[in-house]
Asks: 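Okay, here's the structure, questions in a sec.
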There are 2 protein chains.
Amino acid sequence: MSEKFIHFRKFLAERGYKTTRQRDLIARTLFQSGRHISVEELYQHVRKQDPRIGLVTVYRTLKLLMEAGLVEERHFGEGHTLYEEGLREHHDHLICTHCGKIVEFENHIIEGLQEEVAKKYGFIILSHKHELYGLCETCQPSTPQGRPHENLTTLPVSSA
Amino acid sequence: MSEKFIHFRKFLAERGYKTTRQRDLIARTLFQSGRHISVEELYQHVRKQDPRIGLVTVYRTLKLLMEAGLVEERHFGEGHTLYEEGLREHHDHLICTHCGKIVEFENHIIEGLQEEVAKKYGFIILSHKHELYGLCETCQPSTPQGRPHENLTTLPVSSA
DNA sequence: CTTGAAATTGAAATTCAGTTTCATCTGAGG
DNA sequence: CCTCAGATGAAACTGAATTTCAATTTCAAG
Ligand SMILES: [Mn+2]
Ligand SMILES: [Mn+2]
Ligand SMILES: [Zn+2]
Ligand SMILES: [Zn+2]
């Protein structure tokens with residue numbers, strides 16, 4: 001947790017940017033949060049500690065953290081933008097469309113096949129997005145049914 | 001082309017909706033367009049034939065076409081919403097981040113492995129999104145360089 | 001310390017894609 | 001033809017994100 005913090009400060013210094021109370025608080029709060037947090041959630045957590053911080057500053061700080069490589073932005077289906085720690089190993093996601101649960105996975109065979117597909121069409125892959133949308137164990141009809149996630153009135157059902 | 005048109009009219013009738021000059025034009029124009037068209041492009045094409053048609057009507061008609069299963073909405077990276085013909089075989093996409101070229105692919109081995117991943121975590125997949133972002137042959141550094149796509153100032157570079 | 005230029009902040013305004021509202025118009029069944 | 005539910009389009013609205021700008025803060029130099 002501290003390392004990332006130091007990394008961020010170093011990044012700011014290198015670019016002639018300043019270390020501020022707000023940036024410290026936002027970064028610290030983000031690093032302490034669990035994976036896959038939304039701007040609004042982060043903003044609320046930050047506000048509890050300092051109610052005068054503006055949402056704009058959260059957006060701006062997230063952008064800086066992304067430039068620093070410490071954070072990655074994910075777009076899980078329309079309008080569900082979440083942030084997670086960067087500098088981690090690559091992985092893709094399983095997303096429950098009912099309760100919002102997100103499970104990470106990585107599969108080297110799939111990654112390899114992707115490269116083959118790209119080669120076949122003469123592409124060089126720079127990044128990719130592989131998301132599996134469906135029902136997690138607790139949200140499947142047969143089982144004791146999980147509760148729908150608060151903020152997931154309309155969850156993505158991207159490609160058919 | 002005509003079959004889809006008939007299908008749409010039938011769909012409208014079944015639901016007590018009306019066949020209108022606007023819906024006919026929008027549907028016809030869409031069916032004639034190439035794959036992966038944006039609302040704005042479609043709107044412009046439609047306008048050339050009837051300048052008094054509103055953008056709202058294009059949005060509304062696309063929604064109807066989606067309900068009819070004739071069109072699918074795709075979200076290629078933030079804010080790049082495109083529409084393509086529905087009722088086709090499932091496929092995924094390769095997207096050139098430089099010129100915007102889109103190539104479709106399907107790989108049954110990948111699809112199978114996806115299912116395995118889902119099973120491993122107890123998920124039932126309802127849909128998925130698999131997009132490979134990178135450079136197409138003509139946009140690769142070595143080759144005679146393609147021109148950047150007009151509307152692609154900022155193209156998606158989703159997961160790292 | 002003190003100072004001041006440059007960077008940062010947050011409120012408010014702005015943008016952008018998409019949706020809703022509503023008065024007016026029109027398709028299609030009788 | 002009539003009628004009226006459904007459709008249209010202009011304008012207003014929404015929500016996420018960005019820009020603007022005056023006031024504030026950082027930090028390096030003195
Ligand atoms: Mn993740
Ligand atoms: Mn396609
Ligand atoms: Zn679930
Ligand atoms: Zn290209």
Side-chain angles (χ1 to χ4, degrees), chain A residues 8-27 29 37-44 46-47 49-68 71 73-83 150-156, chain B residues 8-27 29 37-44 46-47 49-68 71 73-83 150-156:
Chain A
F8 187 41
R9 288 198 162 198
K10 201 177 289 178
F11 166 84
L12 291 174
E14 274 169 12
R15 313 258 294 226
Y17 297 151
K18 289 170 182 172
T19 299
T20 67
R21 182 172 43 81
Q22 291 90 330
R23 285 176 179 170
D24 273 8
L25 177 57
I26 293 165
T29 306
I37 192 172
S38 69
V39 178
E40 200 52 41
E41 277 177 291
L42 176 57
Y43 179 49
Q44 292 311 328
V46 162
R47 279 210 131 183
Q49 303 173 262
D50 181 348
R52 33 171 69 210
I53 284 186
L55 181 56
V56 237
T57 303
V58 176
Y59 274 109
R60 287 193 277 229
T61 304
L62 280 170
K63 198 163 273 182
L64 287 171
L65 285 161
M66 284 170 64
E67 284 180 51
V71 165
E73 195 177 51
R74 303 274 185 181
H75 301 277
F76 294 125
E78 267 202 294
H80 277 274
T81 305
L82 301 181
Y83 295 83
E150 321 89 55
N151 300 328
L152 297 180
T153 13
T154 315
L155 239 192
Chain B
F8 187 41
R9 288 198 163 199
K10 201 177 291 179
F11 166 84
L12 291 174
E14 275 169 13
R15 313 259 293 227
Y17 299 150
K18 290 171 180 169
T19 299
T20 68
R21 182 172 43 79
Q22 292 90 330
R23 285 175 179 169
D24 274 7
L25 178 57
I26 293 165
T29 306
I37 191 172
S38 69
V39 178
E40 199 53 41
E41 277 177 291
L42 176 57
Y43 178 50
Q44 293 310 328
V46 162
R47 280 211 129 182
Q49 302 172 263
D50 182 348
R52 33 171 70 213
I53 285 187
L55 180 55
V56 236
T57 304
V58 176
Y59 274 110
R60 288 193 276 229
T61 304
L62 280 171
K63 199 164 272 183
L64 286 171
L65 286 162
M66 285 170 64
E67 284 181 50
V71 165
E73 195 176 50
R74 302 274 187 182
H75 301 278
F76 293 126
E78 267 203 295
H80 277 272
T81 303
L82 302 180
Y83 294 83
E150 321 89 55
N151 299 330
L152 296 181
T153 15
T154 314
L155 240 190

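In what follows, chains are A, B, ... by sequence order, proteins preceding strands, each numbered from 1. Only heavy atoms go into these numbers, but all of them, side chains included; no hydrogens, no water, no symmetry mates.
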Asks: Check the distance between dT8(D)'s C1' and I26(B)'s CD1 and give it to me in whole angstrom.
Replies: 10 Å
Asks: How many whole angstroms separate atom NE2 of H80(A) from atom P of dA16(D)?
Replies: 10 Å
Asks: By nearest nucleotide on DNA chain D, pick out whichever of I53(B) and T81(A) is the more 5' one.
Replies: I53(B)
Asks: Locate the shortest heavy-atom distance separating A68(A) from F8(A); write the atom from each residue and the value.
Replies: CB-CD1, 4.5 Å
Asks: Let me know the distance between CZ of R9(A) and P of dT8(C), rounded to the nearest Å.
Replies: 14 Å
Asks: Going by side-chain hydrogen bond (donor to acceptor under 3.5 Å, both in side chains), name the pairs with one or both residues in residues 54-68 of chain B, residues two or more places apart or in two chains.
Replies: R15(B)-E67(B)
Asks: Any idea which heavy atoms bring I53(A) and V46(A) closest together, and the distance?
Replies: CD1-CG1, 3.6 Å
Asks: Starting at atom CD of E78(A), determine the distance to atom P of dG15(D), rounded to an integer number of angstrom.
Replies: 15 Å
Asks: Using side-chain hydrogen bond (donor to acceptor under 3.5 Å, both in side chains) as the criterion, point out the one residue from R47(A), E41(A), E40(A) that pairs with Q44(A).
Replies: E40(A)
Asks: Send over the distance from L64(B) CG to dT8(D) P, rounded to a whole Å.
Replies: 8 Å
Asks: Side chain to side chain contact (heavy atoms under 4.5 Å, CB included) for L42(B) and Y83(B)? Distances and angles first, verdict last.
Replies: CA-CA 9 Å; L42(B) 176 57; Y83(B) 294 83; over 6 Å; no
Asks: Just wondering, do L64(B) and Y17(B) contact through their side chains at under 4.5 Å, heavy atoms?
Replies: yes
Asks: List the atom of T29(B), the atom of L25(B), and the distance in Å for their closest heavy-atom pair.
Replies: OG1-O, 2.6 Å
Asks: At their closest point, which heavy atom of Y43(A) faces which heavy atom of V58(A), and how far apart are they?
Replies: CD1-CG2, 3.8 Å
Asks: What is the distance, rounded to the nearest whole Å, between atom OH of Y43(A) and atom P of dG10(C)?
Replies: 9 Å
Asks: Please tabulate the protein-to-nucleotide N/O contacts below 3.5 Å involving nucleotides 18-25 of chain D, giving atom names and distances.
Replies:
unit_1, atom_1, unit_2, atom_2, d
dT18(D), OP1, K63(A), NZ, 3.1

Asks: Donor-acceptor pair, distance only, cut-off 3.5 Å: does the side chain of R23(A) make one with the backbone of K18(A)?
Replies: yes
Asks: In whole Å, I'd like the distance from the CZ atom of R15(B) to the P atom of dG6(D).
Replies: 12 Å
Asks: Touch check for G16(B), heavy atoms < 4.0 angstrom, all strands: base, sugar-phosphate only, or nothing?
Replies: sugar-phosphate
Asks: Report the end-to-end axis angle of the helix from dC1(C)-dG30(D) to dG30(C)-dC1(D); each axis comes from five terminal pairs, and the value is rounded to 10°.
Replies: 10°
Asks: Give the rounded distance in Å between these two atoms: CZ of F11(A) and C1' of dA7(C).
Replies: 14 Å
